[in-house]
Amino acid sequence: MRLPGTRYQEHGWEQVRKLLGQCSLQAFARIDPAPLLEPGAAPGTLPAYVDLAAEALHAAGRSARAAAPGNSYGDSVLELALTLVYELQARPGEWLAFCSALAAEHGRLGAFWHKPGGEALLRKKFNDMYAVLRDQVDSDNYQAACGRPCSANRMYAYRMLDTAYGEIARLFAGWREHAAQVGAILGRPIEAEPIEARQLRSISDCRPEWVLRWSESLERFGGSAGPLHTRSKRFASLKGNAGKIGAMLREIGEYEQLSANRDQDWLLDAGEATLWLDDYWRVLGESMEAATPGPDQILEQIEEELDRADTHERDEPARECENTDAAQAEAGLAQAVSLPPRFLELARAAQDAGSWTAHVLAGDSLPVRLAVYLKLLGAADDSYPADWLDPATGALPTMQQLAALDQMSLPTLRKRRDAALSRLAAAPRP
Amino acid sequence: VKENELKTTSLDRKLQEKLLLARRVEGDRLQLADAVLVAALDGSRPLTAVERAALEASPLTVRRLRHLAIERRAARGASNDAGWVGSAGMLRAADSGGGPDQLTTDDGCWSLHFVGRDGDWRVILQLAAGAPFAPRLMQEQPLLRVVDGHGAVVLQGRLDADGECEAAWPFASAPAVHFQQAGAAFAVAPLRP
């Protein structure tokens with residue numbers, strides 16, 4: 001399924017999910033699980049997980065799975081997975097939900113991840129977290145792309161309808177073998193090939209009452225209860241609402257047709273990609289200089305039942321908390337830095353001292369500054385001077401290397417890096 | 001470049017963009033209608049103070065503004081060739097050996113030539129006669145700027161009647177060495193008034 005702005009709704013998601021599961025297990029193996037199980041300590045474990053998972057993803061970057069396309073916009077499975085990991089960092093509520101699910105399971109089974117089959121259970125917990133996260137990310141993407149309100153639950157509902165259409169099309173195509181079920185969907189007994197089966201060419205041709213009847217009769221034909229006929233409140237507002245279902249089916253169909261003609265939304269040159277920043281600052285500046293006196297035109301919160309019916313528990317935003325895990329620090333320091341002896345000196349000379357970033361971060365050490373770039377732009381970027389890169393990898397040094405360079409522990413480096421990020425976010429532009 | 005004059009490099013801009021786009025706010029939603037954002041982008045109705053605060057506090061609304069701003073620029077670019085906002089090029093792998101005496105932008109519309117020898121280089125920017133925006137640039141003679149991959153100015157000036165602009169090479173190291181150290185890339189763009 002494709003909708004405006006969305007990235008995680010096509011078949012490639014399966015591979016993204018698997019890659020995230022695999023790399024999350026690797027990250028988990030390198031984290032002390034004890035703080036994850038304590039509500040007070042759980043928020044502080046997120047940065048370590050994000051860094052370790054991102055590292056594992058980069059390490060898996062050459063595999064066939066990671067390099068495969070994850071959607072029809074040309075994003076690879078690796079890119080999609082990495083984006084989601086970084087997104088998690090900005091949405092600590094999801095991590096806390098994961099930690100509390102972990103703690104609940106631990107309460108029942110103990111350290112289940114060490115037991116037979118425990119790995120699968122742990123992977124499922126990660127899968128659940130990312131399943132919610134991808135719909136949150138895509139509902140935001142959708143809103144940014146088309147200006148209409150959306151929610152994670154609405155995104156899930158779009159996908160449910162898309163799947164329903166796929167099922168109905170499959171049954172129609174095999175109407176001989178599925179005559180009774182097709183009859184239940186169409187609401188009449190089937191004796192000859194139904195004309196609807198020939199007419200159903202895309203999701204736009206799918207009638208909402210078919211979806212309702214398909215869901216209603218699903219249990220009778222050997223499946224479980226249909227998505228519109230379970231006890232869950234998720235799709236309560238769609239139950240019996242053919243008008244709304246029809247509108248959503250049409251929207252998917254229209255965009256599918258539109259996007260089939262235009263695979264890439266924008267291909268921006270490096271120089272053009274950030275031009276919108278000028279527009280943004282101009283809009284703020286013009287408002288500062290000569291604000292319209294009013295009245296204010298702030299959008300009302302338009303929230304339909306479908307958007308409210310988010311079954312997901314949202315926790316309080318996480319607070320930064322002290323993480324002084326000495327063992328982890330030593331592990332970080334113990335790793336060989338294996339950079340050229342003059343790395344710091346050359347890297348310092350290579351940075352543009354007159355630049356805005358260098359000015360704002362003048363009080364920070366070089367490793368802290370590189371950690372900022374690592375976090376925001378990733379390990380490899382065309383704009384990095386060659387002297388910033390580890391010759392062995394062609395990328396920025398890892399967080400472990402940077403921590404060792406600065407003779408501080410990994411958690412301390414993370415803290416300094418995050419403090420530097422806050423200063424950058426608050427700094428005035430030149 | 002003056003010692004204490006602050007400049008914004010392309011790396012700065014990337015970072016600034018990332019800072020704006022990576023921010024998330026719990027329970028964020030679209031705060032301003034498209035009509036309000038478009039009017040603010042057009043300059044026809046600046047935001048009220050409250051709207052401005054709402055925009056700055058809502059990363060999602062900033063992302064919507066980004067989308068509209070890019071659409072607006074794309075529409076302007078499509079409507080006439082005046083939409084040329086710059087061309088970029090890269091050092092080719094083959095250039096690394098003997099050193100380039102010529103670099104060309106990816107769109108083929110501009111080339112940079114280097115003449116001279118150690119310590120006394122000159123750089124010449126040349127507009128291809130076949131460039132779609134050539135007639136307009138030749139007529140309007142905008143101030144052009146060439147920057148290296150790190151955003152440092154290589155050359156700045158206006159085209160002469162031959163569609164060329166020449167200046168002394170401003171860096172200590174030779175062109176080939178300099179470009180390799182400065183991101184192996186360069187870009188030509190009109191200087192905004």
Side-chain angles (χ1 to χ4, degrees), chain A residues 5 86-87 90-91 93 140 143-145 147-149 266 268-280 282-284 286-299 301 314 317 350 352 354-357 359 372-373 376-377 381-387 421 424-425 429-430, chain B residues 1 3 5-20 22-24 26 28-34 36 40-41 43 45-52 54-56 60 62-67 69-70 72-74 85-86 88 149-152 180-183 185 187 189:
Chain A
Y86 287 127
E87 190 77 29
R91 301 177 192 258
D140 277 6
Q143 296 185 78
R148 285 190 295 275
W266 297 304
L268 294 174
D269 285 344
E272 277 176 74
T274 56
L275 281 180
W276 73 273
L277 284 174
D278 297 335
D279 293 327
Y280 173 65
R282 182 173 51 77
V283 161
L284 293 182
E286 283 171 4
S287 165
M288 226 104 81
E289 274 167 32
T292 301
D296 302 319
Q297 297 183 27
I298 302 281
L299 280 177
Q301 183 152 18
R314 309 309 315 269
D352 197 327
S355 80
W356 172 82
T357 313
H359 175 77
V372 165
Y373 285 109
L376 283 179
L377 300 180
D381 191 286
D382 306 339
S383 317
Y384 294 149
D387 287 331
L421 277 166
L424 273 177
R429 298 173 288 114
Chain B
V1 181
E3 189 64 34
E5 188 180 310
L6 216 56
K7 61 180 183 286
T8 309
T9 64
S10 60
L11 195 52
D12 284 335
R13 284 180 71 88
K14 274 194 188 181
L15 213 63
Q16 287 163 349
E17 182 185 38
K18 229 19 190 210
L19 283 165
L20 275 172
R23 212 159 49 100
R24 297 287 177 266
E26 190 89 352
D28 199 4
R29 62 186 181 86
L30 293 173
Q31 296 283 341
L32 301 171
D34 285 359
V36 173
L41 283 167
R45 179 188 173 278
L47 298 179
T48 69
V50 171
E51 289 162 359
R52 184 175 72 235
L55 173 64
E56 289 185 289
L60 188 61
V62 171
R63 287 171 63 193
R64 180 62 189 154
L65 178 121
R66 170 181 179 268
H67 191 97
I70 293 174
R72 192 166 152 270
R73 284 177 179 275
V85 290
H150 291 166
Q180 267 172 38
Q181 286 170 349

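Residue numbering restarts at 1 for every chain, and letters A, B, ... go by the order of the sequence lines.
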Top contributor to chain A contacts, counting heavy-atom pairs under 4.5 Å, from B:T9, B:D34, B:L41: B:L41
Straight-line distance of B:R66 CZ to A:L277 CG, nearest 0.5 Å: 9.0 Å
Which of A:A425, A:A144, A:P149, A:A90 touches chain B most, by non-hydrogen pairs under 4.5 Å: A:A144
From CD1 (A:I298) to CD (B:Q31), nearest 0.5 Å: 6.0 Å
Check: A:S355 main-chain N/O paired with B:D12 side-chain donor or acceptor under 3.5 Å: no
Minimum-distance pair of heavy atoms, taken over all atoms of A:A291 and B:A49: CB-N, 4.0 Å
Top contributor to chain B contacts, counting heavy-atom pairs under 4.5 Å, from A:R148, A:M288, A:E289: A:M288
Reported CG-to-CG distance for the pair B:L19 and A:L421, which is rounded to 0.5 angstrom: 6.5 Å
Structural part of B:V36 lying under 4.5 Å from a heavy atom of chain A: side chain
Contact check, side chains of B:E56 and A:Y280, non-hydrogen atoms, under 4.5 Å: yes
Heavy-atom contact with chain A under 4.5 Å, split by part of B:A187: neither
Rounded distance (nearest 0.5 Å) linking atom CG of B:L11 with atom OH of A:Y373: 4.0 Å
Presence of salt bridge, B:R24 and A:E87, under 4.0 angstrom: yes
Region of B:A40 that comes under 4.5 Å of a non-hydrogen atom in chain A: both
Exam field: side chain B:R64 to backbone A:A145, donor-acceptor pair closer than 3.5 Å: yes
Backbone of A:L299 reached by a side-chain donor or acceptor of B:R29 within 3.5 Å: yes
Heavy-atom side-chain contact between B:R45 and A:Q297 under 4.5 Å: yes
Proximal component of A:D381, with respect to chain B [non-hydrogen, under 4.5 Å]: side chain
B:R13 and A:D278 ion-paired at < 4.0 Å: yes
Straight-line distance of A:W276 CH2 to B:R63 CZ, nearest 0.5 Å: 10.0 Å
Heavy-atom contact with chain A under 4.5 Å, split by part of B:L30: both
Part of A:Y86 within contact of chain B (heavy atom distance under 4.5 Å): neither
Interface residue of largest heavy-atom contact number with chain A, from B:K18, B:E51, B:H150, B:R52, under 4.5 Å: B:R52
Any side-chain heavy-atom pair of A:L275 and B:I70 under 4.5 Å: no
Evaluation steps, side-chain contact (heavy atoms from CB on, under 4.5 Å), between A:D296 and B:L47: CA-CA 8 Å; A:D296 302 319; B:L47 298 179; over 6 Å; no
Lys/Arg N to Asp/Glu carboxylate O, B:R73 vs A:D279, below 4.0 Å: yes
Residues B:K14 and A:T274: side-chain donor-acceptor under 3.5 angstrom: no
